[in-house]
Amino acid sequence: MKNLPIDDFDIKSFQDDLISWFEREQRKLPWREDRDPYKIWVSEIMLQQTRVDTVIPYFRRFMEKFPTIEALADASEDEVLKAWEGLGYYSRVRNLHAAVKEVEEHYGGTVPDTPEEVSKLKGVGPYTAGAILSIAYGLPEPAVDGNVMRVLARILSIWEDIAKPSARKVFEEVVRKLISRENPSFFNQALMELGALVCTPKSPSCLLCPVREHCRAFREGTIDELPVKSKGKKQKQIRLQAAVLEDEDGRILIHKRPDKGLLANMWEFVQVEESTVLPARQVLKDYLGDVFKIEAALETEHFTEIRHVFTHLIWDIRVYHGKILNQVQETNELKCVPPDEIETFAFPVPHQKIWKAFREQAKSEKVKDIKG
DNA sequence: AATACGGGGCG
DNA sequence: CGCCCAGTATT
């Protein structure tokens with residue numbers, strides 16, 4: 001690694017200012033109530049790519065439902081996925097579930113405390129490994145997330161592009177030089193807390209910053225230029241046709257997605273990608289017939305249109321209402337369920353939006369009936 | 001090194 | 001609305 005200019009940097013004083021600020025100002029968070037490595041682990045997985053405010057209610061519910069490693073290891077995948085519904089990046093919870101079973105079986109239910117072992121767990125990468133080892137076990141391991149890169153890029157004036165995968169290693173080496181041996185847990189948490197509360201991406205509160213005197217970007221007036229972060233590319237757009245289908249008993253047809261890829265193992269209303277050549281409704285009818293042997297009478301017009309933006313793609317879904325005319329052959333992936341049971345299945349947000357729109361339009365039809 | 005993988009908040 | 005945020009696995 002390039003020799004970073006930290007020779008004239010007062011490490012001890014920086015650690016003290018940072019950690020004492022954290023002791024004064026840290027937020028009370030449910031996963032900070034004790035040092036249970038299981039709780040730290042679950043919280044860190046939830047916090048990947050996800051804001052604290054979003055995570056808090058999920059964490060509480062998750063801990064109530066699965067208070068221990070054993071409880072989670074014994075749960076079914078559907079149950080676990082349901083607890084994660086709406087949080088996104090669902091492979092996180094499938095990996096967590098698998099890893100917890102691994103800990104239960106091979107480590108006697110105790111989260112391992114070495115970098116080698118903890119890094120082998122599914123879903124535990126360099127950041128999460130460092131977070132568990134430092135926060136739960138007090139080991140001086142770096143835990144470099146986006147906050148840490150932003151904070152350190154500013155403090156030490158590091159002009160590395162933090163969007164590049166190679167950047168993380170640079171910052172890990174920096175943390176190894178800076179980390180407090182007395183309190184690695186608070187040191188790492190303080191860097192992240194500072195990034196979340198003070199050293200924010202836009203208009204950071206430098207005047208409130210406990211380590212302003214150590215900050216090169218502040219001194220040099222480059223706060224708004226750091227960190228350097230290149231932009232990603234734009235999303236691919238996908239047009240989909242979906243249908244809320246009722247059988248003769250008013251039950252709703254739902255489909256379980258494949259166990260790999262986007263939204264793996266989540267439930268959805270049947271949907272198919274729009275064709276560029278065939279008329280819109282025909283694609284859906286053909287799909288239902290060819291794949292599920294379902295004959296359906298679809299209404300001519302879609303009742304709602306849903307747009308959902310993912311990181312790497314955009315779904316535009318036209319949603320039709322229809323009745324199933326023949327007998328549905330139910331399988332593990334295909335079910336008809338009563339409307340009041342729909343919400344017991346784990347649906348991705350775009351299909352939660354479909355269900356919401358469906359109920360709204362059903363309601364408005366009723367109002368029309370009464371008026372008419 | 002590049003891509004797949006959700007969802008929410010803010011202006 | 002568009003823009004921004006943020007780790008791991010896979011290829």
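Chain A is the first sequence line, chain B the second, and so forth, proteins listed ahead of strands; every chain is numbered from 1.
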Begin from the C-alpha positions of Phe62(A) and Tyr58(A) and carry the test ring-ring contact (aromatic ring centres under 6.0 Å, His included) through to its verdict.
CA-CA 6 Å; Phe62(A) 202 90; Tyr58(A) 280 91; 9.3 Å; no

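Heavy-atom distances under 4.0 Å link DNA chain C to no residue of residues 130-142 of chain A. Using a 4.0 Å cutoff on non-hydrogen atoms, no part of residues 345-354 of chain A comes near DNA chain C. Contacts between residues 31-59 of chain A and DNA chain C, defined by a heavy-atom separation under 4.0 Å, are made by Gln48(A), Gln49(A), Arg51(A).
Annotation for Ile317(A) and Ala242(A): closest pair CG2-CB, 3.6 Å, computed over non-hydrogen atoms.
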Review item, side-chain donor-acceptor pairs of residues 195-204 of chain A, under 3.5 Å, at least two apart:
from	atom 1	to	atom 2	distance (Å)
Thr200(A)	OG1	Lys202(A)	O	3.1

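Sorted by first then second residue, the ring pair (Phe, Tyr, Trp, His ring centres under 6.0 Å) pairs that include residues 96-152 of chain A, not counting sequence neighbours, number zero.
With sequence neighbours excluded, the residues satisfying side chain to side chain contact (heavy atoms under 4.5 Å, CB included) with Pro227(A) are Arg150(A), Ala153(A), Arg154(A), Ile162(A). For Asp16(A), the salt bridge (charged side-chain N to carboxylate O under 4.0 Å, His left out) partners two or more places apart in sequence, or in a different chain, are Lys12(A). With sequence neighbours excluded, no residue forms a side chain to side chain contact (heavy atoms under 4.5 Å, CB included) with Asn332(A). Here Phe310(A) pairs with Leu262(A), Leu263(A), His308(A), His312(A), Leu313(A), Trp315(A), Pro350(A) under the side chain to side chain contact (heavy atoms under 4.5 Å, CB included) rule; sequence neighbours left out. The side chain to side chain contact (heavy atoms under 4.5 Å, CB included) test applied to Ser180(A) returns Gln15(A), Ile19(A), Glu182(A), Asn183(A), Phe187(A), not counting sequence neighbours. Not a single side chain to side chain donor-acceptor pair (under 3.5 Å) links Asn95(A) to another residue, sequence neighbours left out.
For Lys202(A), no side-chain nitrogen or oxygen approaches OP1 or OP2 of dG11(B) to under 4.0 Å. For His312(A) and dT3(B), the shortest distance from a side-chain N or O to OP1 or OP2 is not below 4.0 Å. Note on Tyr89(A): every side-chain N or O is 4.0 Å or more away from OP1 and OP2 of dA9(C).
Within 4.0 Å (heavy atoms only), Tyr127(A) reaches sugar-phosphate atoms of the nucleic acid but no base atom. Note on Thr311(A): a base of the nucleic acid sits closer than 4.0 angstrom, heavy atoms only.
Its side chain within the 4.5 Å cluster rule, Leu226(A) clusters with Trp159(A), Val228(A) among the Ile, Leu, Val, Met, Phe, Trp and Tyr residues.
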